[in-house]
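I have placed the structure first, in the form of structure tokens, so that the comments after it can refer back to it.
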Amino acid sequence: MNPIYLRAAGVSLLIDLSSGEPSVLHWGADLGGILPDLSLAGVMSGPVPHSALDIPVVLGLLPQASSGWRGRPGLRGHRLAAGNGGRDGVDGDALGIGVDRDGTRRGFSARLRLTGCRATERSAVITTADAQLGLTVVTEVTLHDGGLLELRHHLTNDGGTDYALEELAAVLPVGPEATEILDLTGRWCRERHPQRHSVQQGTWLRSARHGRTGHDSSLLLAAGSLGFGNRQGKVWATHFAWSGDHEAYLESLADGRSVLGASELVGSGEIVLAPGESYLTPALFAAYSSHGLDGISDAFYAWFRGRSKHPSTPRPVVLNTWEAVYFNHDLTVLTSLADAAADLGVERFVLDDGWFRHRRDDHAGLGDWYVDPNVWPEGLHPLIAAVTDRGMEFGLWVEPEMINSDSDAARAHPDWIAGPGSGLPLQWRHQQVLDLVNPQAWQYIYDRLDALLSEYRIFYLKWDQNRDLSEMGHAGGPSVHEQTLAAYRLLDALRAAHPGVEIESCSSGGARADLGILQRTDRIWASDCNDALERQTIQRWTSMIVPPELVGAHVGPPTSHTTGRTHTLSFRAITALFGHFGLEWDIRSLTGPEHDELRGVIELYKEHRTLLHTGRMVRADLPDPALLLHGVVAGDGSEALFALVATSTSFSEQPGRVAIPGLAPELSYRVEVIYPRPLDPDREDPGVTGRDAASTYLQTSAPAWLATGVVASGQFLSESGLPMPILNPEHAILLHISAA
């Protein structure tokens with residue numbers, strides 16, 4: 001049988017079918033149009049070493065012990081005996097042969113072999129089965145236009161008794177050059193920070209047991225050649241598109257092969273398939289790049305932006321009220337905030353927590369999704385009118401998956417609180433989890449949100465989820481799997497009923513950032529931390545997978561609510577520009593130069609947001625760890641916007657020449673600093689000079705080109721670069737680069 005060979009955007013996947021077990025021979029760089037004749041017996045088989053199986057061991061698309069694979073199996077589970085969860089048959093132990101009455105083998109080790117295959121140039125559907133064990137697996141593989149690979153398995157129980165599933169993993173091999181692992185970790189207000197180390201024999205396993213993705217979730221697991229960086233080296237990377245418990249791993253075996261894998265982390269007895277029932281894995285998304293991590297971003301961005309319902313630019317400027325008023329909901333206060341927002345050029349005004357019954361702080365009210373008549377005697381209509389009359393859209397905060405014990409909903413329906421079946425889980429932010437697996441609870445939440453969206457002109461929901469799902473249970477059994485699916489159904493149903501409403505996924509900030517939730521929402525809130533220094537890292541690594549138009553990035557107040565650090569407006573604003581830009585700040589008191597500067601920044605965002613939200617993300621590999629250079633380059637290379645950021649003091653007296661990568665080498669470009677511009681009283685167009693221009697730079701004199709700009713070729717800029725100014729730590733400048 002002919003192999004499956006998928007090719008796109010410099011990437012290829014080769015699956016051999018000749019052995020009867022689909023095996024991945026290659027995932028990585030394009031192998032070209034001419035392949036060896038794989039029908040020749042053993043042409044791609046390796047040698048047989050001493051003290052090993054007598055035949056070469058293949059790496060199956062679903063690795064199996066029955067084929068000699070000594071690593072983690074792709075499928076783990078067992079068939080339950082009749083009378084012990086089974087629905088028919090007899091006790092195999094009594095027969096002494098491990099076979100049920102219908103002939104199904106009572107085994108645990110599957111022998112899945114090929115029974116069918118359909119393939120096109122970009123996709124394949126491969127069916128394998130073990131007739132004796134009574135299992136069928138249908139594997140769907142798609143290589144998208146931009147080179148992103150999507151893989152999932154569909155397991156069906158064909159036997160006559162129940163099958164208890166423990167794990168069904170998606171696994172792909174990586175090349176022998178992959179000698180380093182990079183993944184991400186974090187905590188609340190410090191999400192998605194990188195960690196890397198060398199590949200050793202054994203398994204590097206990341207388990208997420210939060211019931212949601214988790215603040216420490218990796219977002220990607222990457223393996224690459226020694227010293228791989230943003231713009232150089234071979235990289236293989238995976239992302240598991242699931243918002244519940246999961247595991248991701250890199251396993252390196254003694255035979256020299258390494259694989260990347262991921263699976264849903266299933267609770268004890270959580271998934272038991274009755275005869276005829278099926279389980280579909282979440283998708284594993286995988287990207288290969290021969291030119292560093294930026295190539296991984298290219299593949300993911302192409303997939304995101306190729307979706308029919310991908311949020312399109314221009315992405316509106318957002319003001320969220322949380323750090324401006326917190327729970328102090330008052331029509332006069334909020335109307336004055338709307339006045340200030342409209343004056344600055346804000347386009348979307350979002351009312352955060354505190355608008356519903358009993359919600360004067362975070363101890364009560366979750367679950368009571370009715371507008372509080374004591375605070376809003378006329379409902380939200382007066383505020384929404386004030387917002388929309390000023391030319392802005394209105395958005396609203398909700399947290400529908402949670403419930404306070406101190407709420408009318410909990411008092412009326414204590415059985416709607418999820419838990420282990422005896423007592424309640426420990427509280428987290430004074431709240432519990434609403435059991436959406438319960439059909440009545442799910443319908444109640446849907447009806448309340450549907451009623452709000454039907455009554456009010458709401459264009460946007462900030463959908464929060466502020467706790468881990470510890471001891472998540474329904475009817476005495478673990479239920480993270482079903483709870484996650486129920487949350488997905490809730491989002492899907494509301495989007496179908498109200499297609500014009502955008503939804504943001506927020507989860508104590510960035511604790512639910514994954515492609516499972518992003519296929520149902522329009523952006524994520526990357527972190528509850530608006531500290532620009534922290535955000536430089538958080539946004540940098542979030543955008544490794546998620547394009548900036550889907551990552552909420554707001555200018556906070558001068559002193560950060562979560563860290564106590566104080567930063568200039570220019571540093572906060574430049575950081576926020578490289579995302580879906582907004583404000584989270586009480587802007588009512590802004591006057592004079594600060595007000596004008598912020599208005600100028602908003603105009604700057606509006607001028608460049610099409611570029612920011614459609615271009616290629618470029619991150620330079622700089623030798624100085626105190627400096628970052630990142631930017632967005634238009635698809636045709638005609639324009640770019642880069643930020644040079646000093647995160648700390650440098651060992652060097654000056655940065656020297658800094659190369660600017662990612663530009664078209666043959667084009668001529670004009671490079672200029674547009675914010676904050678060096679103070680120059682003779683300049684006819686000062687642009688957004690800002691109050692912070694003097695404090696940004698630490699130098700007796702600036703590089704000569706800084707005052708007037710410079711023209712150079714893309715090749716010159718990427719190879720030689722330009723001498724950069726000396727920046728104070730925790731400051732940044734914005735470079736605009738346009739084809740001359």
Side-chain angles (χ1 to χ4, degrees), residues 1-48 53 55-64 66-69 71 73-75 110-130 136-155 168-178 234 236 238 253 255-261 281 283-290 299:
M1 183 176 289
N2 292 330
I4 296 169
Y5 185 37
L6 310 182
R7 304 168 68 195
V11 176
S12 64
L13 177 74
L14 179 62
I15 301 174
D16 183 26
L17 305 174
S18 61
S19 70
E21 179 180 5
S23 58
V24 181
L25 296 183
H26 172 81
W27 165 51
D30 191 353
L31 297 177
I34 301 176
L35 298 176
D37 186 355
L38 298 180
S39 64
L40 296 175
V43 68
M44 294 296 288
S45 296
V48 176
L53 291 171
I55 60 171
V57 175
V58 301
L59 170 55
L61 192 58
L62 198 64
Q64 302 175 86
S66 60
S67 299
W69 185 251
L75 172 64
R111 294 180 175 87
L112 296 162
R113 297 298 180 264
L114 183 70
T115 61
C117 177
R118 303 191 314 273
T120 69
E121 291 183 354
R122 294 289 180 81
S123 65
V125 178
I126 305 166
T127 303
T128 57
D130 182 336
T136 297
V137 175
V138 177
T139 300
E140 300 175 11
V141 183
T142 303
L143 186 60
H144 295 282
D145 290 345
L148 188 66
L149 185 66
E150 183 177 357
L151 170 66
R152 68 173 77 232
H153 300 299
H154 190 271
L155 172 69
L168 184 57
V171 179
L172 289 166
V174 298
E177 304 96 328
K234 294 183 177 182
W236 293 260
T238 57
L253 272 64
D255 66 10
R257 288 181 283 189
S258 296
V259 298
L260 287 169
T281 67
L284 179 73
F285 287 93
Y288 166 78
S289 167
S290 61

L172 side chain near L284 side chain, heavy-atom distance below 4.5 Å: yes
Kindly give the heavy-atom pair with the smallest separation between C117 and I126, and that separation in Å. SG-CG1, 4.2 Å
Looking at side-chain heavy atoms only, is the closest gap between Y5 and H26 below 4.5 Å? no
If we ignore hydrogens and angles and just use 3.5 Å, is the side chain of T115 paired with the main-chain N or O of T127 as donor and acceptor? yes
Is D130 close to V137 at the side-chain level, that is, under 4.5 Å between some pair of heavy atoms? no
If you compare all heavy atoms of L61 against all heavy atoms of V24, which two are closest, and at what distance to 0.1 Å? CD1-CG2, 3.5 Å
Say whether, by atom type as modelled, one donor and one acceptor occur between the side chain of S19 and the main chain of E21 under 3.5 angstrom. yes
Would you give the length of the straight line joining atom OG1 of T142 to atom CG of L6, rounded to the nearest 0.5 angstrom? 8.5 Å
Would you say L149 and V11 make side-chain contact, with heavy atoms under 4.5 Å? no
Quick one: are L13 and I4 in side-chain contact, heavy atoms under 4.5 Å? no
When you measure from the side chain of S66 to the backbone N and O of A110, does any donor-acceptor pair fall under 3.5 Å? yes
Given side chains that start at C-beta, do those of L59 and V259 come closer than 4.5 Å, heavy atoms only? yes
Correct closest heavy-atom pair for G46 and P56 would be O-CG, 3.4 Å
Taking the side chain from Q64 and the backbone from L112, do they hold a donor-acceptor pair closer than 3.5 Å? yes
Taking all non-hydrogen atoms of both residues, which atom of L253 and which atom of G71 are closest, and how far apart? CD2-N, 3.7 Å
So CG of N2 and CG of D16: to nearest 0.5 Å the spacing works out to 10.5 Å
So, S12 side chain and A29 main chain: donor-acceptor pair closer than 3.5 Å or not? yes
Rounded distance (nearest 0.5 Å) linking atom CG of L75 with atom CG of L62: 6.0 Å
Shortest non-hydrogen contact from H153 to T139? ND1-OG1, 2.8 Å
If you define the side chain from C-beta out and look only at heavy atoms, does anything of R152 sit under 4.5 Å from T281? yes
On a heavy-atom basis, which atom in F285 and which in L148 lie closest, and how many Å separate them? CD2-CD2, 3.5 Å
Show, in sequence, the C-alpha distance, side-chain angles and deciding distance for R7 and L31, and conclude whether the side-chain contact (heavy atoms from CB on, under 4.5 Å) test is met. CA-CA 9 Å; R7 304 168 68 195; L31 297 177; over 6 Å; no
Would you call the rings of W27 and W236 parallel, tilted or perpendicular if under 30° counts as parallel and over 60° as perpendicular? perpendicular
Is a donor from one side chain sitting under 3.5 angstrom from an acceptor on the other, for H154 and E140? no
